[in-house]
Amino acid sequence: MPVRTRLAPSPTGDPHLGSAYAALFNRAFAKRNGGQFILRIEDTDRTRNSVESEAAIFDALRWLGLDWDEGPDVGGDKGPYRQSERTAIYKEYIAKLISVGGAFHCFCSKERLDELRRDQMQRGATPKYDGKCLALDSGEIDERIARGDSHVIRLGVPDKGECRFVDGVRGEITIPWSQVDMQVLIKSDGFPTYHFASTVDDHLMGISHIFRGEEWISSFPKHQLIYRYFGWDMPLHYHLPLLRNPDQSKMSKRRNATSINYYRRCGFLRESLLNYLATMGWSMPEEREKFSMEEFYGEFNPERLSPRGPVFDIEKLSWLNGLYIRELTSEELKERVFDWAFGGNRLDRLLSLVRERSERFDDLFRQADYILGDRIELKEEDFEHRNLELDEIRKILHFVNKSLEELEEWNRDNLYESLNLLSKSMSLKFRDFLGPIFVAVSGRTVTLPLFDSLELLERDVVKMRIRSAIDVLGGISKKESKRLDREWRDLVSTQSS
RNA sequence: GUCCCCUUCGUCUAGUGGCCCAGGACACUGGGUUUUCAUCCCAGCAACAGGGGUUCGACUCCCCUAGGGGACGCCA
């Protein structure tokens with residue numbers, strides 16, 4: 001049986017380091033065994049997908065050199081490789097699953113489900129579906145479907161016994177069926193959920209081995225059930241440890257830069273980022289810490305995978321990156337630095353901004369330093385503002401970050417429009433509102449035009465700088481941030497309606 | 001709350017019953033090379049979560065406790 005592995009990201013938000021991490025091991029395993037590595041886009045959540053995000057994933061993975069043998073943009077004979085284009089397939093297979101008794105229709109309302117969950121939580125039970133619609137007879141089901149009642153399709157789960165399975169990293173794992181929910185497989189909008197689409201596709205695409213994050217362990221029984229109902233062989237699963245924040249929690253953008261683009265924009269080399277990622281939860285036989293991807297692929301053996309979640313340490317990554325920089329020939333270095341700083345039309349854009357404000361060439365670098373470098377030291381005093389209190393500033397910055405996150409295409413006009421709107425809905429003078437952003441992004445009050453700067457800096461660096469500015473200003477607690485998120489949501493929605 | 005996973009220096013890790021009073025790397029400290037800085041070199045600091053077993057012998061196997069993490073969505 002040929003070795004086929006895959007990465008199955010969903011196009012929501014920034015291309016995550018975790019995707020690169022999973023891609024690395026999947027790709028390595030395929031390369032090592034003469035197999036194929038496949039990219040499949042899991043865009044079944046119609047409310048959260050974006051084409052920008054999909055493009056960003058392609059771009060980030062390609063930048064890293066983690067390209068794929070089959071995928072939405074390169075084709076392949078097991079396509080289509082975008083789940084939104086496979087709905088006919090899921091319809092066919094869900095019908096099969098229902099006919100073998102592996103799934104059933106459910107007409108329960110959201111209200112009933114919410115109440116049920118609340119009750120179960122209160123009693124200290126595992127919250128899950130109680131099986132009410134299991135009792136429906138087929139006549140009634142047909143009638144309600146014909147009537148157009150909103151419904152979903154759920155997975156049938158045994159009520160006794162336990163699910164045993166082998167995780168390639170941890171060995172045998174046992175989970176009682178009583179813990180497993182009757183997962184929704186087809187949503188009321190007719191789209192499949194991850195659990196269904198992913199297992200069907202993995203089978204149809206001939207996936208033989210799956211390296212995925214540890215957060216999937218607890219839903220493994222559902223996936224196993226689907227394979228069993230269909231009578232399919234299951235791929236071998238390796239659950240990769242989760243990359244962690246310094247406090248050991250799952251790496252999140254709240255506490256860390258999680259976007260591949262952030263590291264790229266800060267001037268990390270693909271070689272060192274990849275190399276570093278490969279030492280997280282895996283080690284070379286002789287404990288070599290610096291190695292190329294060719295060496296890694298030649299040596300990769302899943303038995304050396306560790307179950308322990310590693311803390312992502314940007315200091316050590318930086319050290320490695322320095323090693324790689326020093327190893328480049330002068331020619332390579334010149335080319336790559338130039339490309340990083342001025343590639344595409346960045347130089348033209350920079351010069352057009354600086355030109356009007358320059359009297360000498362040396363003004364260029366003085367004015368553009370905050371765009372080219374990422375080592376701004378901020379102090380609380382830098383934010384002192386004649387019209388704004390500290391709390392207000394923190395709030396502005398928090399709201400700005402929210403708005404920037406939601407922004408679709410990252411360009412100066414969109415940025416202007418979005419922030420202008422935000423300042424209006426906050427009833428602030430645009431000028432006052434912009435002040436803290438200037439400081440957060442550049443460390444100064446006198447800078448190049450803000451929206452052009454933001455565009456050049458790119459989303460992830462901007463967001464990161466604003467986040468650290470908020471920290472300098474005393475930070476925002478989780479609770480406060482939740483409250484502010486709500487407030488922001490209200491502001492934005494009243495504005496747009 | 002329920003279930004699952006994890007536990008070697010601050011961090012990444014080596015270690016698969018004797019080679020380990022635990023090795024390497026980052027960070028840190030000190031020293032050397034260098035016109036400065038960085039690089040480079042040398043040295044130092046620092047860990048088997050705790051308690052029970054099993055065994056002639058346990059970092060390695062088993063159990064318990066503690067701590068950490070994850071999952072519990074018509075998100076993936």
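Predicted model, so just to flag it, every value in this text is computed and none were measured. Quick note on labels: first sequence line is chain A, next is B, and so on, each numbered from 1.
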[atom1] atom, [N] versus [M]: distance in rounded Å?
N	M	atom1	result
B/A43	B/C48	C1'	25 Å
B/G50	B/U55	P	23 Å
B/C9	B/G44	C1'	14 Å
B/G32	B/A38	C1'	16 Å
B/G15	B/U8	P	14 Å
B/U13	B/A22	C1'	13 Å
B/C21	B/C59	C1'	13 Å
B/C20	B/U29	P	31 Å

With a 3.5 Å limit on both atom pairs, tell me what [N] is paired to, counting Watson-Crick and G-U wobble, or say none.
N	value
B/C21	none
B/U33	none
B/A38	none
B/U60	none
B/U7	B/A66
B/C72	B/G1

Can you find a donor-acceptor N/O pair under 3.5 angstrom joining the side chain of A/K316 to the base of B/A25?
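Check passes, donor-acceptor contact within cut-off.
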Tell me what A/R212 touches on the nucleic acid: a base, only sugar-phosphate, or nothing, going by heavy atoms under 4.0 Å.
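Nothing: the residue A/R212, judged by heavy atoms under 4.0 Å, touches no strand.
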Select base, sugar-phosphate, or nothing to describe what A/G281 touches, counting heavy atoms under 4.0 Å on all strands.
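A/G281: backbone/sugar contact only, no base atoms under 4.0 Å.
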Residue of the set A/F312, A/W63, A/Y276 for which ring-ring contact (aromatic ring centres under 6.0 Å, His included) holds with A/Y263
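Of the listed residues A/F312, A/W63, A/Y276, the ring-ring contact (aromatic ring centres under 6.0 Å, His included) partner of A/Y263 is A/F312.
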Among A/W232, A/F196, A/F230, which residue meets the ring-ring contact (aromatic ring centres under 6.0 Å, His included) test with A/H203?
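Result for ring-ring contact (aromatic ring centres under 6.0 Å, His included) with A/H203: A/W232.
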Both conditions, 6.0 Å and 45 degrees, for the charged tip of A/R144 above the ring of A/F107: are they met here?
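Yes.
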Cation-pi check, A/K402 to A/F399: give yes when NZ or CZ is under 6.0 Å from the six-membered ring centre and within 45° of the ring axis, no otherwise.
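Relative to the ring axis of A/F399, which defines the angle, A/K402 lies outside at least one limit.
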Per-nt protein contacts along nucleotides 59-76 of chain B (heavy atom under 4.0 Å; B base, S backbone sugar-phosphate only, - none) come out as ---------SSSSBSBBB
Salt-bridged, A/D201 to A/R6, with N to O below 4.0 Å?
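Answer for the salt bridge query: no.
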For atom [atom1] of [X] and atom [atom2] of [N], their distance in whole Å:
X	N	atom1	atom2	value
A/F312	B/U13	CZ	C1'	16 Å
A/D313	B/C12	CG	C1'	7 Å
A/I217	B/C4	CD1	P	12 Å
A/L116	B/U2	CG	C1'	15 Å
A/M280	B/C26	CE	C1'	10 Å
A/N301	B/U16	CG	C1'	13 Å
A/W319	B/U39	CH2	C1'	14 Å
A/F220	B/C3	CZ	C1'	16 Å

Looking only at side-chain atoms of [X], point me to the closest of [options].
X	options	value
A/R326	B/U39, B/U7, B/C26	B/U39
A/E289	B/C12, B/C4, B/U39	B/C12
A/V311	B/U13, B/U11, B/U7	B/U11

Rounded to the nearest 0.5 Å, how far does CH2 of A/W319 lie from NZ of A/K290?
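If we round to the nearest 0.5 Å, A/K290:NZ and A/W319:CH2 are 9.0 Å apart.
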Mind checking the CD-CG spacing from A/E458 to A/D14? Nearest 0.5 Å is all I need.
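The CD atom of A/E458 sits 11.0 Å away from the CG atom of A/D14.
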Presence of A/R308 side-chain N/O under 4.0 Å of B/U8 phosphate oxygens OP1/OP2
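So the side chain of A/R308 is within the cut-off, an N or O lying under 4.0 Å from OP1 or OP2 of B/U8.
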Is it true that A/W282 and A/F296 have ring centroids separated by less than 6.0 Å?
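Judged by ring-centre distance (under 6.0 Å), A/W282 and A/F296 do meet the cut-off.
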If you take the centroid of each ring, where Trp contributes its six-membered ring, are A/Y21 and A/F25 closer together than 6.0 Å?
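Judged by ring-centre distance (under 6.0 Å), A/F25 and A/Y21 do meet the cut-off.
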